[in-house]
**Student:** 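Encoded as C-alpha cells, here's the structure I'll be asking about.
Here is the naming used below: chain letters follow the sequence lines, and residue numbers restart at 1 for every chain. Side chains are part of it too, since the values below use all heavy atoms of this structure and drop only hydrogens, waters and symmetry mates.
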There are 2 protein chains.
Amino acid sequence: MNEVVKQLMAHRSIRAFEAKQLDDQTIRVLVEAAQQASTSSFVQAYSIIGVTDPEIKKALRDISTQHYVEHNGHLFVFVADYKRHQLLAERAGQSVADYIGETENFIVGTVDASLAAQNMAVAAESMGLGICYIGSLRNDMARVIELLGLPDYTYPLFGLVVGYPSEEGSNKERLPFEHVYHENRYSTDDYLSQIDHYDARIADYYRERTNGRRSDKWSSQMMAKFSHTIREDVDAVVKQQGFLKQ
Amino acid sequence: MNEVVKQLMAHRSIRAFEAKQLDDQTIRVLVEAAQQASTSSFVQAYSIIGVTDPEIKKALRDISTQHYVEHNGHLFVFVADYKRHQLLAERAGQSVADYIGETENFIVGTVDASLAAQNMAVAAESMGLGICYIGSLRNDMARVIELLGLPDYTYPLFGLVVGYPSEEGSNKERLPFEHVYHENRYSTDDYLSQIDHYDARIADYYRERTNGRRSDKWSSQMMAKFSHTIREDVDAVVKQQGFLKQ
C-alpha cells in the first residue's frame with residue numbers, strides 16, 4: 001500500500017480545530033487542487049465560497065447547529081453553478097434555462113462540485129490538516145443562498161471545514177467490501193446477513209469508544225434516519241434556483 | 001507542494017489503455033479506498049459494479065460510444081444506492097419510499113457515490129494507473145440498469161475506467177482561481193472578462209496540440225453544449241427508480 005492509499009485509508013472527519021487560520025497560499029493550493037478533479041465535458045459547473053466574515057460564519061453555524069462551522073481554519077462552501085454559462089449565453093442572445101433545468105444537468109453540477117471537494121479533502125489531509133463535510137448547511141438552503149449572495153442557476157451543496165486538528169477523530173469501519181462491490185450484476189442475496197454481521201462490528205466500535213455507554217447498530221441508525229423526511233424544502237429551493245424543471 | 005498535491009495537480013484523463021487487466025488485490029484496494037471517503041450521516045448510499053463480462057462491456061461501450069469503455073484495465077460503475085436501506089426497512093415493516101423520494105436524499109446518494117469515486121481515482125493514479133470518468137453511460141440509463149440488474153432505489157451515476165495507460169493524456173488548464181473562488185459573497189463582476197481571457201488560453205492549448213488545426217474557445221464549447229437538451233430520459237428513469245418524487 002503506497003503512501004497516498006495509506007492516507008486515504010486513514011481518513012477520519014475532524015470536528016475540533018485550533019484557532020489558527022489557513023493562510024492565503026494554502027487556500028489557493030486547496031482550491032487549485034480541487035479544480036484539477038475531472039469535470040463532465042469540461043463544464044466546470046461549480047464555484048467555491050470561502051467564508052471569513054465572522055457574522056456569516058456564525059449564521060451558517062446556526063443553520064448547521066455544528067460549532068465547528070464557526071470554529072475552524074477555513075470554511076469553504078461548494079456551490080453547483082451554471083451562472084457563468086447562463087451569462088455567456090445571455091451575451092450571445094441565447095437562453096440556457098431549459099438545459100440547466102434538466103435533471104441530467106442537475107446531476108452534472110452536483111457531481112462536478114463533489115469531485116472537486118473530495119480532491120480538496122485529500123489535498124488538505126496530505127498537508128496534515130483535518131476536514132469535515134457540512135451537509136447540514138442544507139438545513140436551510142434558502143438562507144445560505146441569501147447569506148452568500150448566490151444567484152439563480154446555482155445552489156449550495158455542502159460546506160467543507162478545513163483546519164489544524166485539535167482532536168484525533170476516529171475511523172469508522174465501512175460496510176464490507178463484498179456488500180458494496182458487485183461483479184457484473186447487482187445482487188442482494190447476502191445483504192441482510194452481511195448487515196447483521198456489520199451491525200455487530202459497529203456496535204463493538206461504539207462500545208469500545210464509550211466504555212459501554214453506547215452500542216448502536218448501523219441498521220438502527222439508518223432506520224432512525226429514514227423514519228422521518230428531512231429538508232423537505234430542498235426540492236422547492238433548487239427548483240426556484242432554476243434546477244429540476246422537467 | 002507535497003507529493004499528493006503534485007499528483008492531484010498533474011491529473012489528466014486517460015482514454016487509451018494496455019490490455020493488461022487489474023488483479024483482484026488492486027481492485028480490492030481501489031474499492032476500499034473509495035469506501036473511506038466521507039459519507040453523509042454514515043449512510044454509505046452507493047454501490048460499485050465491476051464489469052468484466054465482455055458482452056456487458058461491449059453493450060456499455062455501445063451506450064457510451066467510447067472505445068475505452070470496452071478496452072481498459074477494469075471498468076467500475078458507480079451506483080447511487082438505497083436498496084440496502086429499503087431492505088432493512090422492509091424487514092422491520094417500515095416503508096422508506098417517501099424518504100428516498102426526497103430531493104435531499106437524491107442529492108445525498110449522488111454526492112456519496114461521487115466522493116467515493118474521486119477517492120478511487122486518486123488511489124488509482126497514485127499506483128501509476130490512469131482513469132477516465134464515463135458520464136456517457138447516462139446516454140441510456142434504462143439500458144444500463146437492465147444490463148447490470150440494478151433494482152429500484154438505485155441509479156447508475158457514471159462509470160470509471162481504470163488501467164495501465166498507453167497514452168500520456170494532457171492536462172487542460174482550468175478556469176482562473178479568481179473566477180471559481182469567491183470570498184464571503186458570490187460576485188459575477190469580472191466573469192465575462194475572465195472568461196474572455198481564459199478563452200484565449202484554451203484556444204492556444206488546442207492550437208499547440210493540433211498544429212493549429214483546432215482553436216476552440218471554452219465559451220464556444222459551452223455554448224455548443226447548451227444549445228440542445230441531452231439525456232431528457234434521465235429524469236423519467238430516476239423517478240421510475242424511486243427518486244425525485246417530490
**Student:** Taking every heavy-atom pair that is under 4.5 Å apart, which of A:Glu3, A:Glu232, A:Gln221, A:Glu125 has the most such pairs with chain B?
**Tutor:**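 Heavy-atom pair counts peak at A:Glu232.
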**Student:** Identify which part of B:Leu148 has an atom lying under 4.5 Å from any heavy atom of chain A, answering side chain, backbone, both or neither.
**Tutor:** both
**Student:** For the interface with chain B, which of A:Asp233, A:Asp98, A:Leu192, A:Ile100 has the highest count of heavy-atom pairs at distances below 4.5 Å?
**Tutor:**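 Between A:Asp233, A:Asp98, A:Leu192, A:Ile100, the count favours A:Leu192.
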**Student:** Is the NZ atom of B:Lys217 crowded by more than 12 outside heavy atoms at less than 6.0 Å?
**Tutor:**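 No.
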**Student:** Quick check on B:Leu115 against chain A: is it the side chain, the backbone, both or neither that has a heavy atom closer than 4.5 Å?
**Tutor:**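 When you check distances to chain A, atoms from both the backbone and side chain of B:Leu115 fall under 4.5 Å.
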**Student:** Between B:Phe42 and A:Tyr198, what is the ring plane arrangement, given parallel below 30°, perpendicular above 60°, and tilted in between?
**Tutor:**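 If you compare the ring of B:Phe42 with that of A:Tyr198, the planes turn out tilted.
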**Student:** Measure distances from A:Arg185 to the heavy atoms of chain B and classify the residue's part below 4.5 Å as side chain, backbone, both or neither.
**Tutor:**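 For A:Arg185, backbone and side chain are both near chain B.
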**Student:** Does any heavy atom of chain A fall under 4.5 Å from the side chain of B:Asp112, the backbone, both, or neither of them?
**Tutor:**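 Interface part for B:Asp112: neither.
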**Student:** For chain B, which of A:Arg12, A:Met127, A:Met1, A:His179 has the most heavy-atom pairs under 4.5 Å?
**Tutor:**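 Of the options given, most contacts go to A:His179.
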**Student:** Check whether the ring centres of B:Tyr153 and B:Phe243 lie less than 6.0 Å apart, and answer yes or no.
**Tutor:**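 So the answer is no for these two rings.
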**Student:** Would you call the rings of B:Phe226 and A:Tyr99 parallel, tilted or perpendicular, where under 30° means parallel and over 60° means perpendicular?
**Tutor:**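 Correct class here is tilted.
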**Student:** May I ask you to decide if the ring planes of A:Phe78 and A:Phe76 are parallel, tilted or perpendicular, using 30° and 60° as cut-offs?
**Tutor:**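 Rings of A:Phe78 and A:Phe76: tilted, as their planes differ by 30° to 60°.
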**Student:** For chain B, find which of A:Leu150, A:Ile230, A:Val122, A:Val96 contributes the most heavy-atom pairs closer than 4.5 angstrom.
**Tutor:** A:Ile230
**Student:** In chain order, what residues pass the side-chain contact (heavy atoms from CB on, under 4.5 Å) check against B:Met223, with sequence neighbours excluded?
**Tutor:** A:Leu88, A:Ala89, A:Gln94
**Student:** If you count heavy-atom pairs within less than 4.5 Å of chain A, which of B:Ser40, B:Ser187, B:Gly135, B:Ala37 leads?
**Tutor:**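 With the most close heavy-atom pairs to chain A, the winner is B:Ala37.
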**Student:** Would the distance check show the side chain of A:Asp81 and the main-chain N or O of A:Thr154 forming a donor-acceptor pair, the cut-off being under 3.5 Å?
**Tutor:**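 Flag not set: sc A:Asp81 to bb A:Thr154 has no pair under 3.5 Å.
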**Student:** Pick one of side chain, backbone, both or neither for B:Glu102, based on which atoms fall under 4.5 Å of a heavy atom in chain A.
**Tutor:** side chain
**Student:** Tell me, out of A:Met141, A:Glu32, A:Gln7, who's got the most heavy-atom pairs with chain B below 4.5 Å.
**Tutor:**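 Between A:Met141, A:Glu32, A:Gln7, the count favours A:Glu32.
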**Student:** For B:Ser41, which atoms come within 4.5 Å of any heavy atom of chain A: side chain, backbone, both, or neither?
**Tutor:**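 Both backbone and side chain.
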**Student:** On the 0 to 90° scale, with breaks at 30° and 60°, tag the A:Trp218-B:His85 ring pair as parallel, tilted or perpendicular.
**Tutor:** tilted
**Student:** Heavy-atom distance under 4.5 Å to chain A: side chain of B:Met9, backbone, both or neither?
**Tutor:** both
**Student:** Between B:Arg84 and B:Ser47, does a side chain to side chain donor-acceptor pair (under 3.5 Å) hold up when you go through it step by step?
**Tutor:** CA-CA 10 Å; B:Arg84 59 182 65 93; B:Ser47 288; 2.8 Å; yes
**Student:** Between A:Ser95, A:Ala10, A:Ala123, which residue shows the highest count of heavy-atom pairs closer than 4.5 Å to chain B?
**Tutor:**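 Of the candidates given, the most pairs with chain B belong to A:Ala123.
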**Student:** Cationic tip of B:Arg28 within the cone over A:Tyr181's six-membered ring, i.e. under 6.0 Å and within 45° of the normal?
**Tutor:** no
**Student:** With only heavy atoms counted, which part of A:Asn2 is less than 4.5 Å from chain B, the side chain, the backbone, both or neither?
**Tutor:**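 The side chain, not the backbone.
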**Student:** Contact part of B:Asn105 toward chain A, heavy-atom cut-off under 4.5 Å: side chain, backbone, both or neither?
**Tutor:**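 For B:Asn105, side-chain heavy atoms alone lie under 4.5 Å from chain A.
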